[in-house]
There are 2 protein chains.
Amino acid sequence: MVTLEDVAASAGVSRATVSRVVNGDINVKAQTRSKVEAAIIELGYSPNPAARALASSQSNTVGLVTTSYRGGFFGALMDTVQSETERHGKQLLVTQGRSFAEKELSAIKQLYNLRCDGLVLHIRALPDETLRHLAGQGYKFIVLDRDVPGLEERCVVFDHRAASQLATRVFIDGGHTAIACLHGPGSRASSLLRRQGFLEAMAQAGLRPAAVLEGEYDIPGGYQQASALLKETQPTAIYCCNEEMAIGAMLAITERGLRIPQDISLICYDSGERAAFVRPALTSVHFPISEMARFATRKLLDEHCVAESFAPVIIHRASVRSVH
Amino acid sequence: MVTLEDVAASAGVSRATVSRVVNGDINVKAQTRSKVEAAIIELGYSPNPAARALASSQSNTVGLVTTSYRGGFFGALMDTVQSETERHGKQLLVTQGRSFAEKELSAIKQLYNLRCDGLVLHIRALPDETLRHLAGQGYKFIVLDRDVPGLEERCVVFDHRAASQLATRVFIDGGHTAIACLHGPGSRASSLLRRQGFLEAMAQAGLRPAAVLEGEYDIPGGYQQASALLKETQPTAIYCCNEEMAIGAMLAITERGLRIPQDISLICYDSGERAAFVRPALTSVHFPISEMARFATRKLLDEHCVAESFAPVIIHRASVRSVH
DNA sequence: CTGTTAGCGCGTTCAA
DNA sequence: TTGAACGCGCTAACAG
């Protein structure tokens with residue numbers, strides 16, 4: 001491996017000078033700079049991150065702790081966080097928490113021991129209490145899609161309740177009255193909020209839900225609940241609180257010979273790119289996880305960055321019809 | 001941050017001794033060891049990875065370059081590689097190549113500049129030639145699911161042709177004669193091999209394929225091709241060269257009021273956990289990407305590890321019926 | 001079994 | 001605008 005020293009010798013300057021041009025210091029004569037740059041290219045020099053980290057006591061890494069590596073959601077998250085950290089010349093380290101508080105905590109500590117400059121946390125098992133404690137200990141982190149009381153300035157949140165209300169109203173405004181909701185596990189705060197939003201919108205319209213079913217946030221979860229639902233009753237609209245569930249529901253619906261949207265309209269929460277590509281393309285409430293992740297990462301790395309808010313938006317595609 | 005020195009002072013020994021207990025050196029008196037361990041715990045010491053890397057000229061990281069972060073495939077890959085690297089006390093760095101040769105190469109170089117101890121490569125755009133060149137340059141890496149002539153000992157491969165033959169024969173042995181195949185983009189070596197395996201098995205049985213269609217390796221790809229297919233003809237069996245395509249095909253099939261497996265049998269390539277969870281559960285050829293990734297990582301890290309071979313296996317579930 | 005001593009490659013004063 | 005010199009925290013001989 002070629003070192004600073006080698007470059008310095010080759011260019012006939014001191015190591016300090018090479019260090020300056022590598023780090024973009026302004027106080028270098030143009031001529032010297034190009035001499036050094038030539039030597040760098042010729043020798044194929046690349047700074048040793050470990051030495052750099054040691055000398056500057058900055059690792060130039062940021063850590064990401066997520067719930068899991070599976071699902072369309074995670075790819076988008078990781079993609080965004082990584083491109084953002086790269087823009088800042090930092091390397092991303094990723095670890096999964098697997099939804100166990102203990103694992104999440106150990107992932108955080110591991111990353112902290114690795115001297116990450118900061119962490120982006122997308123976790124749900126770890127109690128608010130612990131998070132506040134860590135913040136008190138001087139851990140630098142941003143929490144994604146979760147509202148931790150007392151740590152508001154470190155949280156990047158989304159109003160799931162409002163999003164669900166919006167989605168439900170699309171049905172209501174379309175003249176639907178027999179509307180069902182398929183939501184995720186009650187153990188998750190965001191599931192509950194989505195369910196609540198649905199119920200509120202229905203109540204406001206003076207409507208009784210055709211059904212409110214809980215299932216896993218995946219394809220079979222959607223399939224099972226939708227199958228069960230259709231055995232009992234036939235709503236004209238179903239709101240699915242997650243993309244995977246929606247695909248499962250589609251399977252159950254078409255399997256019974258029903259058509260979307262002619263017989264049943266569908267809206268889903270859209271956290272990936274799936275809703276757009278399935279046929280018929282699903283009308284959805286856009287959950288801007290990429291944008292949120294980008295903001296979270298910037299917030300972590302920039303001292304100052306303009307506040308952003310993430311309002312729910314409906315993306316109209318082809319899975320809803322009016323019954324007026 | 002507490003350092004080795006702090007621990008040494010607190011325990012009343014030299015830094016070298018602390019280093020020894022931290023690194024599990026045997027030459028430490030039990031009594032001294034426990035004294036040091038106590039001090040480590042008391043002070044909450046954790047070694048500085050940068051200092052360590054610098055002193056030992058070993059980064060203790062391994063790099064993973066993948067095509068993309070999306071899709072069920074990637075999660076399994078990353079999960080496996082990470083747990084394996086962790087077992088070796090190393091940190092995983094991940095970068096995506098996005099299927100562009102240029103990006104893949106720059107990802108590799110980046111990771112190399114980061115001084116990774118080795119790389120696991122799951123990429124397809126970069127030419128064999130370049131890979132051989134890198135190997136010649138002293139880059140240490142293992143290539144996953146790709147056969148690079150001249151680099152056989154660095155490749156962990158799977159026989160896609162044999163796997164497809166196996167899958168096709170399940171239909172043939174079940175008495176099917178009108179069998180179609182939906183495969184992925186012709187630009188990928190593995191797509192071509194899967195297609196070829198299908199054609200060979202059919203030819204061996206003296207059967208003409210009902211259709212052989214190419215589409216994208218995703219849900220809409222499967223949906224579109226299956227829809228097109230069913231407009232023309234109605235095979236009794238469809239072989240889908242990927243899980244996503246199979247789900248798309250299911251959508252198209254059920255949408256036309258056909259049932260699986262009563263009207264149409266389905267087998268898919270299974271690289272994730274989706275095939276098992278969809279309804280009906282899909283009979284599949286298991287593509288053991290996790291096992292292969294584990295082996296690749298071990299091969300990279302252990303000097304010696306027993307050779308493994310990855311034979312295709314059929315997992316019988318509920319999407320095939322005999323027409324005897 | 002334990003301590004001493006050199007670096008590892010770089011950033012960063014401080015002088016010049 | 002440049003160079004000399006120190007130290008970041010740790011590993012790895014080498015003595016003892």
Side-chain angles (χ1 to χ4, degrees), chain A residues 1-40 43-61 88-91 110 112-117, chain B residues 1-40 43-61 88-91 110 112-117:
Chain A
M1 274 290 144
V2 11
T3 71
L4 248 201
E5 178 111 45
D6 300 332
V7 177
S10 160
V13 298
S14 74
R15 295 180 322 178
T17 301
V18 179
S19 175
R20 287 189 188 100
V21 348
V22 168
N23 294 300
D25 190 312
I26 325 167
N27 299 318
V28 180
K29 208 200 304 176
Q31 194 183 340
T32 315
R33 178 183 300 282
S34 44
K35 213 167 44 179
V36 172
E37 280 167 347
I40 289 178
L43 300 180
Y45 167 73
S46 136
N48 182 322
R52 220 172 210 194
L54 186 56
S56 67
S57 57
Q58 259 225 91
S59 69
N60 266 305
T61 61
H88 287 260
K90 293 181 192 293
Q91 173 65 32
Q110 184 198 134
Y112 184 70
N113 285 340
L114 254 18
R115 309 323 197 240
C116 285
D117 298 339
Chain B
M1 274 291 143
V2 11
T3 71
L4 249 201
E5 177 112 43
D6 300 332
V7 177
S10 161
V13 297
S14 74
R15 294 179 321 175
T17 301
V18 180
S19 176
R20 286 190 189 98
V21 348
V22 168
N23 295 298
D25 191 312
I26 325 165
N27 300 317
V28 180
K29 209 202 301 177
Q31 193 184 339
T32 315
R33 180 183 299 281
S34 44
K35 212 167 47 179
V36 173
E37 279 166 348
I40 288 178
L43 300 180
Y45 167 73
S46 138
N48 182 322
R52 222 173 206 192
L54 186 57
S56 65
S57 56
Q58 259 227 88
S59 69
N60 267 307
T61 60
H88 286 262
K90 293 180 191 292
Q91 172 65 32
Q110 183 198 136
Y112 184 69
N113 286 338
L114 253 20
R115 305 329 194 239
C116 286
D117 298 339

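Order of the sequence lines fixes the chain letters, A, B, ..., with proteins taken first and strands second; residue numbering starts at 1 for each chain. Hydrogens, waters and symmetry mates play no part in the numbers below; they use all other heavy atoms, side chains included. These figures come from a predicted structure and were not determined experimentally.
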Contact check, residues 51-58 of chain A vs DNA chain D, heavy-atom distance under 4.0 Å, returns A:L54, A:A55

Sub-3.5 Å donor-acceptor pair from the side chain of A:N23 to the main-chain atoms of A:R20, do we have one?
no

In this structure, CD of A:Q110 is separated from OG of B:S46 (nearest 0.5 Å) by 10.5 Å

A:L43 CG to C:dG9 C1', in whole Å, measures 15 Å

Per nearest nucleotide of DNA chain C, the residue lying toward the 5' end, B:N27 or A:S19, is B:N27

ask   = Does A:L43 reach the side chain of A:S10, with side-chain heavy atoms less than 4.5 Å apart?
value = yes

Students should find that the end-to-end axis angle of the helix from C:dC1-D:dG16 to C:dA16-D:dT1, with five pairs defining each axis and rounding to 10 degrees, is 30°

Contacts of B:A9 meeting side chain to side chain contact (heavy atoms under 4.5 Å, CB included) (sequence neighbours excluded), chain-then-number -> none

The residue, B:K29 or B:R115, whose nearest nucleotide of DNA chain C is more 5′ is B:K29

Just wondering, do B:L114 and B:S59 contact through their side chains at under 4.5 Å, heavy atoms?
no

Open item on the list: Taking any heavy-atom pair under 4.0 Å as a contact, classify B:L4: base, sugar-phosphate, or nothing.
Closed with: base

Between the OG1 atom in B:T61 and the CD atom in B:Q91, the distance rounded to the nearest 0.5 Å is 8.0 Å

What residues 7-14 of chain B contributes to the DNA chain C interface at heavy-atom separation below 4.0 Å is B:V13, B:S14

The answer to which of A:R33 and B:V22 contacts DNA chain D further toward the 5' end, by nearest nucleotide, is A:R33

CD1 (A:I40) and CG (A:D6) are apart, to the nearest 0.5 Å, by 12.0 Å

Between the OG1 atom in A:T3 and the OH atom in A:Y45, the distance rounded to the nearest 0.5 Å is 7.0 Å

Exercise. Counting only N and O atoms by type, is there a donor-acceptor contact under 3.5 Å from the side chain of B:D117 to the main-chain atoms of B:N60?
Worked result: yes

Here the distance between atom C1' of C:dG11 and atom CZ of A:R15, to the nearest Å, is 10 Å

Less than 3.5 Å apart, which donor and acceptor atoms pair up between the side chains of residues 26-39 of chain A and the rest of the protein, not counting sequence neighbours?
| from | atom 1 | to | atom 2 | distance (Å) |
| --- | --- | --- | --- | --- |
| A:R33 | NH2 | A:D25 | O | 2.8 |
| A:S34 | OG | A:A30 | O | 3.2 |
| A:S34 | OG | A:Q31 | O | 3.0 |

Students should find that the nucleotides of DNA chain D closing off the region near chain A, any atom under 4.0 angstrom from a heavy atom, are D:dT1 to D:dG9

Taken to the nearest whole Å, CG/A:N48 to P/C:dG11 is 10 Å

Inset, instruction - Dump the intermediate steps for side-chain contact (heavy atoms from CB on, under 4.5 Å) on B:M1 and A:R115, then the final yes or no. - result: CA-CA 10 Å; B:M1 274 291 143; A:R115 309 323 197 240; 3.6 Å; yes

Does B:Q58, at its CD atom, have more than 12 non-hydrogen atoms belonging to other residues, nucleotides or ligands within less than 6.0 Å? yes

Quiz item: Among side-chain atoms of A:R52 and A:S19, is any donor-acceptor pair under 3.5 angstrom?
Solution: no

Atom CZ of B:R20 and atom P of C:dT4 are separated, to the nearest Å, by 11 Å

